[in-house]
Amino acid sequence: MSALLRTEGVAKAFTLHLQGGTRIPVLGGVDLVVSPGECVALWGPSGAGKSTLMRCLYGNYGAGAGRILLRHRGEEIDLVTADPRTVIEARRETIGYVSQFLRVIPRVATRDIVAEPMIARGMVKAEALARATALLSRLNLPDRLHGLPPATFSGGEQQRVNLARGFAPGYPVLLLDEPTASLDAGNRAVVVEMIREAKAAGTAVVGIFHDAEVREAVADRLFDVIPHQDAA
Amino acid sequence: MTRPMLEARGLTLHFGAIPALVDVTIDVAEGEVVAIVGESGSGKTTLLRVLSGLMPPDAGTVRWLGEDVHAMGEAARRRLLRTDWGFVHQNPRDGLRLNVSAGGNVGERLMAIGARHYGNIRGEALSWLAKVEIDATRIDDLPRTFSGGMQQRLQIARTLVTHPKLVFMDEPTGGLDVSVQARLLDLIRSLSRELGLSVLIVTHDIAAARLLADRILVMRRGRVVEQGLTDRVLDDPQHPYTQLLVSSVLAA
Amino acid sequence: MSPPDDRSAEGGGDLNRPGQTKGPVMEGYNFAYLDEATKRMLRRTILKAVAIPGHQIPFGAREMPLPYGWGTGGIQVTAAILGPSDTLKVIDQGADDTTNAVSIRRFFTRVAGVATTERTAEATIIQTRHRIPEQALREDQVIVYQVPQPEPLSRLEPRRAETKRLHSLADYGLMHVRLYEDIARYGHIAKAYDYPVMVNGRYLMAPSPIPAFDNPKMDRMPALQLFGAGREKRIYAVPPYTEVRSLDFEDHPFRPIRAPHACALCGSRESYLDEVITDDRGGRLFVCSDTDYCSGRVALREAAE
């Protein structure tokens with residue numbers, strides 16, 4: 001089966017112009033292949049660049065070298081060089097990203113935040129809201145919170161909103177950055193279940209899981225992210 | 001991918017010896033929100049004026065749906081400004097008639113394009129006041145009795161009532177309280193999505209740009225020093241000036 | 001005074017008698033006061049105005065022997081089109097016997113020696129301040145309006161350059177905003193005089209401060225209508241049989257308004273009425289503003305009795 005997401009020789013370094021142009025290399029020569037229905041866990045010590053790689057995979061960071069090939073609308077596009085409009089389109093249709101922190105939008109209700117990406121993909125509003133409500137309930141977020149903006153929610157509640165928003169549309173490729181970090185055991189189990197369901201539906205998942213139990217429950221294999229020599 | 005509706009190529013403009021725009025190229029596609037950020041005097045507002053046809057460039061072209069904006073007659077350009085385009089000014093006093101009621105302000109663009117049914121005009125005005133969260137009882141009040149945030153929302157209603165395709169916004173949240181800013185930003189965000197509007201917004205508020213824009217252009221001294229996907233430019237800035245700009249924002 | 005011209009015999013000199021009158025002509029003035037070059041300039045302006053119905057044409061207004069606001073624009077237009085065989089009628093607020101009307105009529109009697117009349121039907125040129133006669137005008141008549149402010153947008157947009165641009169682009173939304181504001185505030189369009197009109201579907205025009213009641217008379221009028229603004233130095237025109245439409249809304253159509261009374265003198269329920277206070281105890285009368293129309297009806301009734 002052909003890969004949904006693969007990288008060829010991806011490298012990333014940061015140049016800090018405000019610190020006299022200091023150059024910090026983080027990633028080099030990353031070759032990753034993720035197939036449909038597969039969950040790959042990024043593995044490596046803290047500071048090895050796992051989150052940086054995740055952000056590169058989502059197009060949030062621009063890789064300095066190599067290619068990040070995403071199967072989008074039946075063709076491979078290179079997120080390193082793609083036009084911003086193509087990246088936006090791919091994010092709407094093909095690739096989802098659950099970050100550790102929810103970026104709160106002022107005044108927008110939780111239910112609407114979760115429904116938004118589904119509506120953007122063309123789902124009828126009522127249907128999107130129903131699905132949002134169902135997912136939030138499944139993640140044990142009390143009904144009374146669904147209509148409130150999540151700005152004042154606890155870290156765990158915000159993370160569940162983020163998870164619902166990322167899982168709801170059913171993207172073919174899903175990136176998960178420590179999805180269970182601030183969840184209790186009950187909710188961790190729900191997330192594990194959701195990841196398994198997504199895999200069964202053919203979703204390619206790339207994750208960073210610090211929680212060994214979760215990692216063992218969902219990951220098919222580990223991908224070593226090696227700290228860059230220069231940085232060590 | 002949709003073809004850009006607004007396409008500007010090689011815009012250059014000097015005020016005497018001072019370069020206000022240097023070889024600026026920008027385009028805006030249907031339904032796209034593009035932010036232009038940069039410090040005061042970087043040429044943001046000048047660019048907006050050149051793009052909207054209010055000021056001719058020394059060199060370069062601006063095309064709207066393929067037609068050269070600066071080559072068309074004034075009548076055609078004015079028609080564009082009150083049909084396909086909208087303009088939201090930083091100071092609502094520049095975009096509103098302060099001696100005309102809120103309803104009259106919203107209705108003016110409708111009447112300018114030929115609406116002649118009072119009841120319908122008033123109905124439209126009421127529905128737009130509701131959309132921008134102004135109480136219906138204020139419809140006959142003069143905008144001078146409104147707060148700054150209300151005036152700005154009224155200006156947005158007045159601009160959007162004719163369903164423009166592209167709205168130019170010049171620092172729409174400038175000079176407003178932070179709490180009012182958030183409300184206005186959310187309004188702009190939801191309306192632009194709901195109506196499939198293209199928006200070209202000039203701002204020095206990085207957080208506003210992040211919230212609203214699909215793409216971002218960073219300007220400095222009349223040049224576009226960096227541009228691209230909003231979150232990539234802001235999270236992984238490449239140009240020294242962008243890094244300075246991003247690092248100068250206070251995290252709330 | 002000057003020797004009477006060849007038509008003086010048929011006119012008669014009794015100024016108190018209604019109907020055609022002629023007076024003595026003063027010596028030393030060119031016919032109709034203005035020199036021929038000035039009249040030519042005025043006629044060129046008038047021709048241009050007729051060619052572009054409702055469009056204001058600037059002209060070099062001359063100093064006239066009466067102050068601005070007393071009809072200097074109207075007088076210059078009249079002087080430019082007046083010929084020796086014309087019969088002139090001058091009204092002020094519908095009346096032939098008020099100061100402004102009397103002095104302008106006397107002026108043209110003295111400097112042009114033309115016949116004057118108070119009868120609408122007998123006049124070839126009617127100069128008016130703030131009214132259109134009740135009796136319908138004919139193709140062989142010209143009506144000259146005295147105009148204080150020719151720019152209908154002046155109150156809404158004080159910049160002359162901007163109003164000119166709005167006219168050139170036919171951008172008249174602003175005027176409708178004004179009418180919208182009236183309906184929102186008063187429930188109806190409150191403008192009772194100088195009510196804006198569209199001429200020939202193109203130019204917005206100030207009809208001069210005639211009552212809105214008179215606006216429908218302008219529409220497709222057989223007579224040529226000329227407008228002169230002396231202080232503002234503008235002339236404009238409505239050629240015969242030209243469409244003149246009062247601005248309105250579909251659901252708030254234009255309605256000519258008159259006092260809901262009958263004339264106390266002639267009993268007319270159709271004419272435009274003036275309110276006359278008769279004593280200091282609140283007594284009042286409504287009488288026709290058009291004195292010729294009213295006296296004609298009174299004479300008819302008396303003849304019938």
Side-chain angles (χ1 to χ4, degrees), chain A residues 12-24 26-27 51-64 68 72-73 75 77 79-93 97 99 101 103-109 112-113 115-117 119-120 122 125 149 151, chain B residues 1-4 26-35 133 173 178-190 192-194 196 198 207-208 210-217 225-248 251-252:
Chain A
K12 176 66 187 168
F14 294 98
T15 305
L16 307 178
H17 293 285
L18 303 182
Q19 266 98 51
T22 312
R23 192 168 174 281
I24 305 174
V26 179
L27 299 172
S51 282
T52 299
L53 176 56
M54 281 289 240
R55 283 168 173 258
C56 286
L57 295 178
Y58 194 57
N60 176 228
Y61 285 176
I68 298 171
H72 168 64
R73 292 190 174 181
E75 281 173 40
I77 56 165
L79 291 177
V80 178
T81 54
D83 177 84
R85 291 182 192 118
T86 309
V87 177
I88 289 170
E89 187 189 276
R91 287 176 177 182
R92 186 168 59 234
E93 296 174 13
Y97 175 49
S99 62
F101 303 103
R103 196 171 277 286
V104 175
I105 306 162
R107 297 208 313 156
V108 181
D112 293 318
I113 289 178
E116 190 181 34
I119 294 168
K125 194 174 179 186
Chain B
M1 204 176 78
T2 44
R3 189 176 172 238
I26 180 175
D27 52 41
V28 183
E30 190 177 348
E32 191 178 35
V33 179
V34 179
E133 302 169 23
T173 58
V178 176
S179 60
V180 177
Q181 280 185 15
R183 186 176 184 190
L184 193 70
L185 288 173
D186 174 44
L187 191 75
I188 293 171
R189 180 177 164 280
S190 57
S192 64
R193 298 218 171 162
E194 204 175 295
S198 301
R210 185 190 279 277
L211 184 67
L212 295 174
D214 300 313
R215 284 194 300 126
I216 199 167
L217 284 87
V225 296
E226 185 165 358
Q227 62 173 308
L229 208 55
T230 300
D231 60 278
R232 192 185 296 183
V233 170
L234 297 182
D235 292 341
D236 187 14
Q238 303 296 311
H239 191 275
Y241 178 67
T242 315
Q243 291 191 355
L244 177 66
L245 205 64
V246 171
S247 67
S248 308

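The chains referred to below are lettered A, B, ... by the order of the sequence lines, with proteins before strands, and numbering in each begins at 1.
- In terms of heavy-atom pairs under 4.5 angstrom with chain A, the leader among B/Leu244, B/Leu234, B/Val233 is B/Leu244.
- When heavy atoms are compared at a cutoff of 4.5 Å, B/Arg210 approaches chain A solely by way of its side chain, counted from C-beta outward.
- Considering CD of B/Glu194 and NZ of A/Lys125, their distance stands at 7.0 Å, rounded to 0.5 Å.
- Residues passing the salt bridge (Lys or Arg N to Asp or Glu O under 4.0 Å) test with B/Asp214, sequence neighbours excluded: none.
- A/Arg91 and B/Asp231 are joined by a salt bridge, as a carboxylate oxygen and a charged side-chain nitrogen come within less than 4.0 angstrom of each other.
- With a 4.5 angstrom heavy-atom cutoff, A/Phe14 touches chain B only via side-chain atoms.
- Under the side chain to side chain contact (heavy atoms under 4.5 Å, CB included) criterion, B/Gln238 pairs with A/Lys12, B/Glu226, B/Asp236, not counting sequence neighbours.
- Chain B forms more heavy-atom pairs under 4.5 Å with one residue of A/Leu16, A/Asn60, A/Asp112, A/Ile88 than with any other, namely A/Asn60.
- At least one donor-acceptor pair under 3.5 Å links the side chain of B/Arg232 to the backbone N or O of A/Gly59.
- Here the side chains of B/Arg193 and A/Ile119 are not in contact, with every heavy-atom distance at 4.5 Å or above.
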A/His17 vs B/His239, side-chain contact (heavy atoms from CB on, under 4.5 Å): CA-CA, chis, key distance, verdict: CA-CA 8 Å; A/His17 293 285; B/His239 191 275; over 6 Å; no
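- The shortest heavy-atom contact between A/Leu18 and B/Ser247 is CD1-OG, 3.2 Å.
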